[in-house]
Amino acid sequence: MRLYSGCSGFSYQEWKGTFYPSDLAAKQFLGFYAKKMPSVELNNTFYRTPKPEQLASWASEVPDHFRFALKASRRITHFGRLGDVAAVTESLIQTVSALGPKLGIVLFQLPPNLKQDTDRLRKFLQLVEGRVPVAVEFRHGSWYTEETLGILKAHDAALVIGDPEDGVPEAPWRCTGTRSYVRLRKDSYSEGELEGWATKLKQLSASEAFVFFKHEVTAPAYAQAFSRFFEASS
């Protein structure tokens, strides 16, 4: 399993003095970040999809092994609720292709009030299968059935697992594709907790794993510690 451990975002002024040097200019954040970690989850893409030129510029600032995870537009997940979204989904796929091989995975985070609708999920995954790597985050407990997991597996889509925010039901610890996607959303973790999550992750059968921590000041240190524990676990 190849691990891509990182943070949910990189452009945080509050990281200066702890992760970023105090005198580092904001335009240099991504290049510095990519020297320390292999991946980043871009959450602001949920509100506005960057132009291809911006994505291509970001791709040029990071090494070949670096991977971007992008949260898909809310026009797909929250406004369209995965239905009748072929045009906007096609636009998203065309746009993110600007990242080339540095696109790791696209996260589709569903709204908390969207209950299980397996026909809707199946039809949506047919739109994206084989075109971009996909992860799906359900935030209503009704989705967590064998039928849902089977649909994800049939389309090689990752089930988002991990340690959710308060009020969000925890997903079953299952691997549904060639990739796993883990979001660890607490504000703080002990070394023992990080080691436990790393050991647990290694027991899955995915060939790649994306693991992201919240944008707190401690997030970079957690991501780096997680990588160390993962490499040290048997």
Return the set of residues passing side-chain hydrogen bond (donor to acceptor under 3.5 Å, both in side chains) with Glu146 (not counting sequence neighbours), or none when no residue passes. Arg174

Can you tell me if NZ on Lys153 sees more than 12 non-hydrogen neighbours from other groups inside 6.0 Å? no

With sequence neighbours left out, which residue pairs that include part of residues 47-68 fulfil the side chain to side chain donor-acceptor pair (under 3.5 Å) condition? none

Within 45° cone and under 6.0 Å: Lys36 NZ/CZ vs Phe19 ring: no

When you check the side-chain N and O atoms of Gln109 and Thr77, is any donor under 3.5 Å from an acceptor? no

Taking Tyr20 for its side chain and Gly17 for its backbone only, find out whether a donor-acceptor pair lies under 3.5 Å. no

So, Phe10 versus His215, ring centres under 6.0 angstrom or not? no

For the pair Phe68 and Phe66, evaluate ring pair (Phe, Tyr, Trp, His ring centres under 6.0 Å) and give the outcome as yes or no after the intermediate values. CA-CA 7 Å; Phe68 290 91; Phe66 192 88; 5.1 Å; yes

Identify whether Ile105 and Leu92 are in the same connected component of the hydrophobic contact network (ILVMFWY, side-chain heavy atoms under 4.5 Å). no

Arg122 atom CZ, over 12 foreign heavy atoms within 6.0 Å: yes

Which atom pair, heavy atoms only, marks the closest approach of Pro172 to Leu149? CG-CD1, 4.4 Å

Distance-minimising heavy-atom pair for Trp173 and Gly162: CZ3-N, 3.9 Å

Does the ring centre of Phe210 sit less than 6.0 Å away from the ring centre of Tyr4? yes

Salt-bridge criterion met for Asp187 and Lys214 (N-O under 4.0 Å): yes

Show your working on side chain to side chain contact (heavy atoms under 4.5 Å, CB included) between Asp156 and Arg179 and close with a plain yes or no. CA-CA 8 Å; Asp156 193 23; Arg179 303 166 188 84; 3.8 Å; yes

Would a line drawn from the ring center of Phe212 to the ring center of Tyr181 be shorter than 6.0 Å? yes

Over 12 foreign heavy atoms within 6.0 Å of CG, Asp84: no

Flag if over 12 foreign heavy atoms under 6.0 Å of NZ, Lys200: yes

State plainly whether the residues Arg183 and Glu41 are in salt-bridge range, i.e. N to O under 4.0 Å. yes

Across all chains, not counting sequence neighbours, the salt bridge (Lys or Arg N to Asp or Glu O under 4.0 Å) partners of Glu14 are none

Below 4.0 angstrom, N of the basic side chain to O of the carboxylate: do Glu208 and Arg2 qualify? no

Which residue, Thr95, Leu42, Leu55, forms the side-chain contact (heavy atoms from CB on, under 4.5 Å) with Pro50? Leu55

Quick check for you: to the nearest 0.5 Å, what is the distance between Asn43 atom CG and Leu70 atom CG? 9.5 Å

Counting only heavy atoms not in Glu129, do more than 12 fall under 6.0 Å of its CD? yes

Among Arg81, His78, His140, find the residue that satisfies the side chain to side chain donor-acceptor pair (under 3.5 Å) test when tested with Asn113. Arg81

